[in-house]
Amino acid sequence: MNIEKQVKKRKGVEQVQARWGWYFVIPALIFFSVFSFYPIINAFTLSFFKKNLISPLPPRFTGLNNYIFVLQSPDFWNSVRATITFTLGTFIPLVLMSLLIAILITIQGKHFRIWQLLYYSPAVLSSAVAALIWMLIFTPTGIANQFINAIKQTSGVDMRWLSSGEMVQLSTMIVYFWKYIGYFTVLYVTGITKIPAVIYEAATIDGASRSQAFFKITLPLLKPTTALVSIMAMLQCLKTFSTQFLFTQSGAPKAPINVITLNIYNTALKEYNVGRASVMSILLFVAMLILTIIQLKISRSDEVTY
C-alpha cells in the first residue's frame, strides 16, 4: 500500500510539474504563432490573389497565375542565382573558418576568453550598421583599397568594391563573413571545451598525434555542433537582406546582388504587388525548409557520449 501511495504521489507531482511547464511555454507559443505562423499562412493565402498594396480595392483571386508569372520571370531566376552565389560564397568559408579559429582560440589556453570576445564583438552590431561601416571601408579612398594597394605595391588603384558586379558580390560576402564569423566561432569553442580532456589524454597515451586526435576525436564529437552551425549559417545566408539593400541604395549595381529577399522587398513595397512578393516568400520558405531537413538527415547521429 505504501508503494502504491508513493507511485500516486509521484504521478501527481509529475502532473503538476507538466501543468506548470505548459503555463510557462504557452506565452512563447502564442508569441511564435502570431509572429511566425500567421505571416506564413497569410503569405500563402495572398500568393493566390492579385493585391495592390496601396489600392483600396479588395484582393482578386487569380489562382496559380502569380506562381506561373514568378517561375517564368528572368528577374526571379536572377535572384535565385544571386542568392545561391552569395550563400555558397559565404556559408562554406563561415563553417570552415569558424572551426579553424575555434581550434586556434582553444589552443591559446587561459587567454582564449579574450579572443572569444574580440571575435564575437561584430556579432552584436545590427546588419545595417555593419553594412554602413563597410561601405566606408569600400570607398575609393577607404581602407580596403589602401590595403590592396599596399599588398600590390601600387598607388591609387580603385578595386571598385561597390561599382563592379563581381566585386560587389564579394563585398557583400566579406561583410557577412566579418559579422558572423565570431558568432559561429563561439559556438564551436563551446562544443570543443565540452569535450573532456581525459579523452585526449588517453589518446596521447595510446600514441595518437594531434592530427589523429583532431580527426578521430574532435571532429566526430563536434558533429552536433557542426550540424547546428551549418544550419544556422545556411539560413542566415539565405535570408540576407540589409547589406544588399544598403549597397544598392548607395548606387551599387542591383542585378548581381538582387537576392530573393531584396526582390521580395522591391516587388511588395516599390511595385506594390503583394501577391507576387508572397509567392517568392513561400518559395524561399519551402527551399529553406527542404535544405534544413536535408542537413538534419545528413548530420543525424546518435547522442554523443563521452
Side-chain angles (χ1 to χ4, degrees), residues 32-33 35-92 94 127 164-166 168-173 175-176 230-249 252-298:
F32 186 80
S33 299
F35 291 97
S36 294
F37 289 145
Y38 172 74
I40 294 172
I41 295 172
N42 188 51
F44 180 74
T45 304
L46 286 174
S47 67
F48 297 102
F49 288 83
K50 183 178 181 180
K51 168 64 178 175
N52 189 299
L53 186 64
I54 60 175
S55 174
L57 299 176
R60 180 168 60 86
F61 181 77
T62 58
L64 296 176
N65 286 349
N66 288 330
Y67 285 89
I68 294 172
F69 181 89
V70 169
L71 293 176
Q72 292 179 344
S73 171
D75 185 53
F76 171 72
W77 289 111
N78 175 69
S79 295
V80 172
R81 179 204 56 76
T83 304
I84 293 175
T85 301
F86 175 82
T87 301
L88 292 179
T90 311
F91 165 74
I92 296 175
L94 267 178
S127 298
S164 169
E166 294 180 355
V168 76
Q169 286 179 322
L170 178 62
S171 300
T172 56
M173 296 174 190
V175 174
Y176 259 69
S230 61
I231 291 173
M232 293 182 65
M234 179 196 66
L235 295 180
Q236 193 65 47
C237 292
L238 288 173
K239 65 179 186 179
T240 177
F241 170 76
S242 300
T243 304
Q244 287 80 359
F245 173 75
L246 289 173
F247 278 15
T248 55
Q249 292 299 304
K254 186 178 76 169
I257 56 174
N258 189 27
V259 292
I260 295 177
T261 51
L262 182 60
N263 201 346
I264 292 171
Y265 171 86
N266 290 327
T267 302
L269 299 181
K270 290 188 176 181
E271 299 176 10
Y272 308 119
N273 197 322
V274 181
R276 292 173 186 172
S278 299
V279 170
M280 288 186 280
S281 300
I282 293 300
L283 294 176
L284 179 61
F285 170 75
V286 171
M288 293 170 68
L289 182 63
I290 292 173
L291 290 173
T292 302
I293 293 173
I294 291 173
Q295 281 192 311
L296 286 173
K297 287 186 176 181
I298 293 175

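One finds the CH2 atom of Trp77 at 9.0 Å from the CD1 atom of Ile260 (value rounded to the nearest 0.5 Å). Of the inter-residue distances, the one linking Thr85 atom OG1 with Leu170 atom CG reads 12.0 Å to the nearest 0.5 angstrom. Gln249 contributes atom CD, which lies 10.0 Å from atom NZ of Lys254 (distance to the nearest 0.5 angstrom). Put simply, CD on Gln236 and OG on Ser127 are 6.5 Å apart, with the number rounded to the nearest 0.5 Å. Note that CD1 of Ile40 is 11.5 Å distant from OG1 of Thr45, once rounded to the nearest 0.5 Å.
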Assess whether side chain to side chain contact (heavy atoms under 4.5 Å, CB included) is satisfied between Met234 and Thr292, documenting all intermediate values. CA-CA 8 Å; Met234 179 196 66; Thr292 302; 3.7 Å; yes
For a side chain to side chain contact (heavy atoms under 4.5 Å, CB included) check, start with the C-alpha distance between Lys297 and Ile294, then their side-chain angles and the critical distance, and finish with the verdict. CA-CA 5 Å; Lys297 287 186 176 181; Ile294 291 173; 5.9 Å; no
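The ring of Phe285 has its center no closer than 6.0 angstrom to the ring center of Phe44. Taking the six-membered ring for Trp and the full ring otherwise, Phe86 and Phe91 have centroids separated by 6.0 Å or more.
Between the Asn266 side chain and the Leu262 main chain, a donor and an acceptor come within less than 3.5 Å of each other. A distance-only check finds a donor-acceptor pair linking the side chain of Thr248 to the backbone of Phe245 [under 3.5 Å]. Between the side chain of Gln169 and the backbone N or O of Pro256 there is at least one donor-acceptor pair closer than 3.5 Å. A donor-acceptor pair is defined here as one N or O able to donate and one able to accept, closer than 3.5 Å; no such pair exists between the side chain of Ser73 and the backbone of Phe69. Side chain of Thr267 to main chain of Ile264: no donor-acceptor pair is present (N/O by atom type, distance under 3.5 Å, no hydrogens or angles). Side-chain N or O atoms of Ser79 include one that pairs as donor or acceptor with a backbone N or O of Asn258 at under 3.5 Å.
Nearest approach of Asn66 to Phe48, heavy atoms of both residues: ND2-C, 4.2 Å. Across every non-hydrogen atom of Ala82 and Ala255, the tightest pair is CB-O, 4.4 Å. For Gly89 against Met173, the heavy-atom pair with the smallest separation is CA-SD, 3.8 Å.
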When the side chains of residues 276-284 are checked against the rest of the protein, which donor-acceptor pairs come out under 3.5 Å, sequence neighbours left out?
from	atom 1	to	atom 2	distance (Å)
Ser278	OG	Val274	O	2.8
Ser281	OG	Ala277	O	2.9

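Checked by atom type, the side-chain pair Tyr176/Thr243 shows no donor-acceptor distance below 3.5 Å.
Judged as a side-chain hydrogen bond (donor to acceptor under 3.5 Å, both in side chains), not a single pair has a partner in residues 49-60 (not counting sequence neighbours).
At least one side-chain heavy atom of Phe76 sits less than 4.5 Å from a side-chain heavy atom of Val80.
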